[in-house]
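What follows is a short report on a single structure.
Throughout, protein chains are lettered first and strands after them, A, B, ... in sequence-line order, and every chain is numbered starting at 1.
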Amino acid sequence: MIPVFLLALVVAVKVFKKTTPNGKITVYLGKRDFIDHLDHVDPIDGIIVVDNDYLKGRKIYGQVTTTYRYGREEDEVMGVKFSKEIILAREQIVPPAHHEDKQDLTAVQDKLLKKLGPNAYPFTFKFPPASPCSVTLQPGEDETSKPLGVEYVVKTFVADGADDRGHKRSSVALAIKKLQYAPPSRGRRLPSSLVSKGFTFSQGKINLEVTLDKEIYYHGEKIGANVTVNNNSRKAVRNIKVYCVQHCEVTMVNAQFSRHVASLETREGCPITPGASFTKTFYLVPLASSNKDRRGIALDGYLKDDDVNLASSTLIAEGKAPNEAMGIVISYSLRVKLNCGTLGGELQTDVPFKLLHPAPGSGDAREQKALKKGKSQERSRYENSHYADDDEDNIVFEDFARLRLNEPDD
Amino acid sequence: MRLLNGSSSAEAGLLAFLPEPMARTDTGGKQMLGWNHPPEHMGMVHEHWRQYEAMSIYWHLGLAMVYTFLMFSSLIGNGLVAYAFFTCKALRTPSNILIVNQVGMDMMMFVNIPWLIVNSVAGHIVGWETGCDVYAFFGAVGGMGSAMNNAIIAFDRYRTIAFPIDGRMSGKQTTALAIFAWLWALPFSILPMVQVLGGKFVPEGFLTSCSFDFLTDGDETRFFMATIFTWAYAIPVTLISIFYSKLFGKVREHSAMLAAQAKKMNMKSLQSNADADKESAEIKIAKIAFTIFFLFIVAWTPYAVVAFVGAFGDRSLLSPVTTMLPAIAAKVVSCIDPWIYALNHPRFRAEIEKMVPCLKGQPKKPKSDAASDSKSVATEATGDAS
């Protein structure tokens, strides 16, 4: 059994589906993660299948909304809502408002149309330019309400007109993610920083140089930071601290904050006495799993418990100012702190780097997949048991799992 | 006790239980205010009051009835909030410490309510000088403390709304602020008891309640009244208006920023339901902020005016009835406070609705149909998603 499924996983097209509570309408999406390639974003391509004779003159509309949540629900007082919803696109899907050309359809749509028959209708939505990426701020341990961040939802509903909201029984909502992947080439530049510190009452300086072994790291990779300390002062360096810092800028409320996502402290080579020097490469691995339950850690949009990773660095298209980025803007830096004793104070420097997923298809991506495989085998086995096996067309259907409980109606 | 001695008084009803006139100041056979105070306690009644006719039993009864009503509404409102806070763990948030502190302040005021009812029946303050001091002390602490607590709540709300991600105060901070509100109330509640710096607690109005002495002539009293006006009224009212207007400004700023971002995404603006939501949110905030501000003004302006007129103006304006009104206003607000603060709070409301099912829906349902409709779409969209 299992090997067959694994084989299917390799060659099959995986399709996500979700059916309305009344069972009359099913929405299929080719994927849940849509990649922002900076110059364009993957279109949201799907198929909707509706039961014969269900509509009776009514129409099916589809819409894409993004929700910004920038404050906890339980902190909402005085009628303030800490979430804002923007409808990015809304269109009539059934009956088709305009005839889509065959070539406009993606391969997945084509395949599904063939398979699902005459009651299937394609739909395509585009992310507007400059739409923010999906980010979830990890809630604290004791928090139960909806997490903060940027979310996207594709929703279809049955209604008589576009202003009609439709009914819950005939509506379906699918949470999707908009993500950025690393560019195909990682670049040759090695980020580095050189700082020095003098002291008020004594001569000489301590020089600190930090160089990273890459500019762009992939999630799960270890970051190598070469730290060189030259002590030309009369103070001694007591210890060295190295942090991976995640910087998070929430543009909706103009808030910025930083969190340490990995850190180490060492006394190796310490005290670095006057005249001495010290060089060593320290390694840190920033991982979401080592930051569980820490409030405010930014994660890439969070759909399922098992594929959580730290938020990817926000990339900005060439020719655009960094401050034009919207939503939640993520950046990383490696911070090295030298403790020069109680009177000496601290010497600190930050070296920026990027943390992303490798672009699919690039050699790096394959490499990383192989790395991950051992880990994910168990998981895919579990997932496979939930697939509706349909290898005729090599399409594997996966139900959209319900992650969160429905809110009580108000 | 003397109360049961019977009476030669011509008045009917309760006056039958009142003592023989002790210091009757007859002016054409009429009893003047303070007539029932024995000579040794006559000193606490300011000359000003003695020129008015004693209040009839009906006034006293009427006042007692008003206070009985206040007593129950205060008990129900404050009791519900305190009960909800102490039984429901989810409500024990840093911000809610301040709400409960408000209940504490209101309870200080509450202590005086049954006391005044007893006083009304007795026709004078029970406990004479000492009673007067204690009565006024509770009123002063409750009043000034709640003024400052109102300002602190405004500050907390400003922080929460202006900096929703990292601005919220910790439990330690809000506890410290709650204690600060009490400390704020203490100096000007204790000084009059020990009668330094020109402050004094004396009976006022119907002579059944006590408060600051604003009638004694002298610069000391005037200075004291001016200080207390600034301390207990001007400063809190300024803080409250500053924080709420800043808060309102921040909400507008956030809306504007979001609208700008929507525009960058080529969305005309925040469409449809989102747009409607934004509008109403600002109006809602303005309404609530204004209500709180207005309530504070209603509660304390009468008192401030009376005290000012007494200290600096034309005293003939201060009849017993006009001086009783501010006391009632302040007490009424201590009964409304819990409804404004806690029951306007979505989570408190939900908890209390759980405890008292009959409260549910009543005030909200009719008008919120349209609004909640669009809102439920929003929650549905996110809540349903997997």
Honestly, the part of A/F127 sitting under 4.5 Å from a heavy atom of chain B is neither
Side chain / backbone / both / neither for B/I292 at chain A, heavy atoms under 4.5 Å: neither
Inspect the surroundings of CZ in A/F257 and state if more than 12 heavy atoms from other residues, nucleotides or ligands are less than 6.0 Å away. yes
Tell me, for A/R69 versus chain B, whether the close heavy atoms (under 4.5 Å) come from the side chain, the backbone, both or neither. neither
Under 4.5 Å heavy-atom distance to chain B, tell me which part of A/V250 shows up: side chain, backbone, both or neither. side chain
Distance-only donor-acceptor pairs under 3.5 Å for side chains of residues 157-165 of chain B, two or more places apart:
unit_1, atom_1, unit_2, atom_2, d
B/R159, NE, B/G167, O, 3.1
B/R159, NH2, B/G167, O, 3.2
B/T160, OG1, B/D156, O, 2.8

Using the salt bridge (charged side-chain N to carboxylate O under 4.0 Å, His left out) rule, collect all pairs that involve residues 251-262 of chain B, keeping only residues at least two apart or in two chains. B/K250-B/E253, B/R252-B/E282
Correct closest heavy-atom pair for A/T251 and B/M257 would be O-CE, 3.1 Å
